[in-house]
Number of protein chains: 2
Amino acid sequence: MKLRKTDRTQRLQEVEDRFVDLWDTMSSLWGISPTMARIHGVLYITGQALSMDDIMARLAISRGNVSMNLSKLVEWGLVRRVHKRGSRRDYYESLSDVWEMFTLVAQQRKRREIDPILNTLRHCQEMLGELQDDTTAQERGKRISELLKFLTMMESLARRFFETHQGLKMAVGLLARESE
Amino acid sequence: MKLRKTDRTQRLQEVEDRFVDLWDTMSSLWGISPTMARIHGVLYITGQALSMDDIMARLAISRGNVSMNLSKLVEWGLVRRVHKRGSRRDYYESLSDVWEMFTLVAQQRKRREIDPILNTLRHCQEMLGELQDDTTAQERGKRISELLKFLTMMESLARRFFETHQGLKMAVGLLARESE
DNA sequence: TGTTCCTTTCAGGAAGCACTGAAATCATAG
DNA sequence: CTATGATTTCAGTGCTTCCTGAAAGGAACA
């Protein structure tokens, strides 16, 4: 054991902080708010079930903020509410499976962002369809249909990708159980 | 010709507005600012080369704003500066290939967002490596390495995807040229 | 070189978004 | 039913990000 206990604790804390900051930065990429990401970061990296007060203390944010963002995380399915016997408090813990988390976020974003876009594009196409004899309308229609083609293609690709992954994961799980 | 000319113009305008609003909404998904997206939207849907004043008028935004966002779009490679003979003004036109645009945005985002994340995660792993005898450190190390595994996998997948697409596109292009 | 036209820069201001903290609500135990 | 502990809500506030417009900069023409 090269490091003294206090040094080890400090080092762990440092990694935790770095990780939470990282999650914060990542939040824009995942399409969630920074604080939501930081809370999830703490829950993921510690791997423990924490109470609201734990999280308030670790991240130095207000009770209301924690409450609101935790409920969003639960709503998204990234975090679960758990209970500890003998305690009235709610505790919260993160999913641990990276794939599962990714899938959840991707689904949410598709529903909230991609689907409305597809609807709008289709609607635009309809409106342009009524101007078939207009050259400008034809050109614009072509641009929109190319976008639609691209997006639907990406979508089906993604769907197949997730299905495959689910299949793979199930297979791996079954094998592991049999070999026990 | 069912519709009168003024009606046609109005209808085209309506589609254009809807499209620009759509792009605006999409901007968060693509990781660019709303105005940048709207400018690109106008350029894409019209398919024309427009001047700064054209864009200012269509979107009702200030000269400075247009200037700054156009230069970002040019920097990203989504928009090209073109010149019209006999005019001192700069004109700007959008790429028309959806795939190309998507690739450009994806590359930018990877460079700006994914790569730093990978670096940080690796750095965290190093710091934890020095605490090999600590159980907590081991657990956290495992979580981080799972993330790394996931991200690098996604990255190589994406790279292969783009390479394939480039190959496909080239092939299609060659065939089309031969058949002329 | 001076003039004109066009573009870029940037300090100051506006708008939107997230956070706080206290009051209201809810749940459990006695 | 009341008291206590825990969570949620939301109006007010602070912060960040984006936008404006005027002034400076640059390029083409005469």
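Order of the sequence lines sets the chain letters (A, B, ...), proteins ahead of strands, with each chain counted from 1.
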- [ ] Considering non-hydrogen atoms only, spot the tightest contact between A:L148 and A:Q125 and give its length.
- [x] CD1-OE1, 3.2 Å
TODO: Return the value, rounded to whole Å, for the distance between atom CG of A:D54 and atom C1' of D:dA6.
DONE: 14 Å
TODO: Mind calculating the distance between CZ (A:R85) and C1' (C:dT28) to the nearest angstrom?
DONE: 17 Å
TODO: Check the angle between the aromatic planes of A:W99 and B:F150 and answer parallel, tilted or perpendicular using the 30° and 60° thresholds.
DONE: perpendicular
Task: Distance, nearest 0.5 Å, that separates CG of A:L128 from CZ of A:R143 - done: 12.5 Å
Task: B:R88 side chain, from C-beta outward: closest of C:dT7, C:dC6, C:dA27 - done: C:dC6
- [ ] Run the numbers on B:R11 and A:D134 for salt bridge (charged side-chain N to carboxylate O under 4.0 Å, His left out), then give the verdict.
- [x] CA-CA 11 Å; B:R11 182 62 67 91; A:D134 185 305; over 6 Å; no
Open item on the list: Can you identify which nucleotide, out of C:dC5, D:dT8, C:dT28, has its nearest atom closest to the A:M52 side chain?
Closed with: D:dT8
- [ ] Starting at CZ of A:R109, measure out to OG of B:S28 and round the result to the nearest 0.5 Å.
- [x] 6.5 Å
Task: Nucleotide D:dT7, atom P - distance to NE2 of A:H83 in whole Å - done: 10 Å
Open item on the list: Below 30° counts as parallel, above 60° as perpendicular, anything between as tilted: where do the rings of B:Y44 and B:W23 land?
Closed with: parallel
Task: For atom CE of B:M56 and atom P of D:dT20, their distance in whole Å - done: 9 Å
- [ ] Taking only heavy atoms on the protein side, list every residue of residues 61-76 of chain B lying under 4.0 Å from any atom of DNA chain C, sorted numerically.
- [x] B:R63, B:G64, B:S67, B:M68
Task: Rounded interatomic separation in angstrom, taking CZ from B:R38 and P from D:dC18 - done: 14 Å
TODO: Would you kindly give the CG-to-P distance between B:D90 and D:dG26, to the nearest whole Å?
DONE: 15 Å
Task: Interatomic distance, A:I39 CD1 vs C:dA18 P [rounded to whole Å] - done: 13 Å
TODO: Round to the nearest Å and state the distance from A:L59 atom CG to C:dA18 atom C1'.
DONE: 15 Å
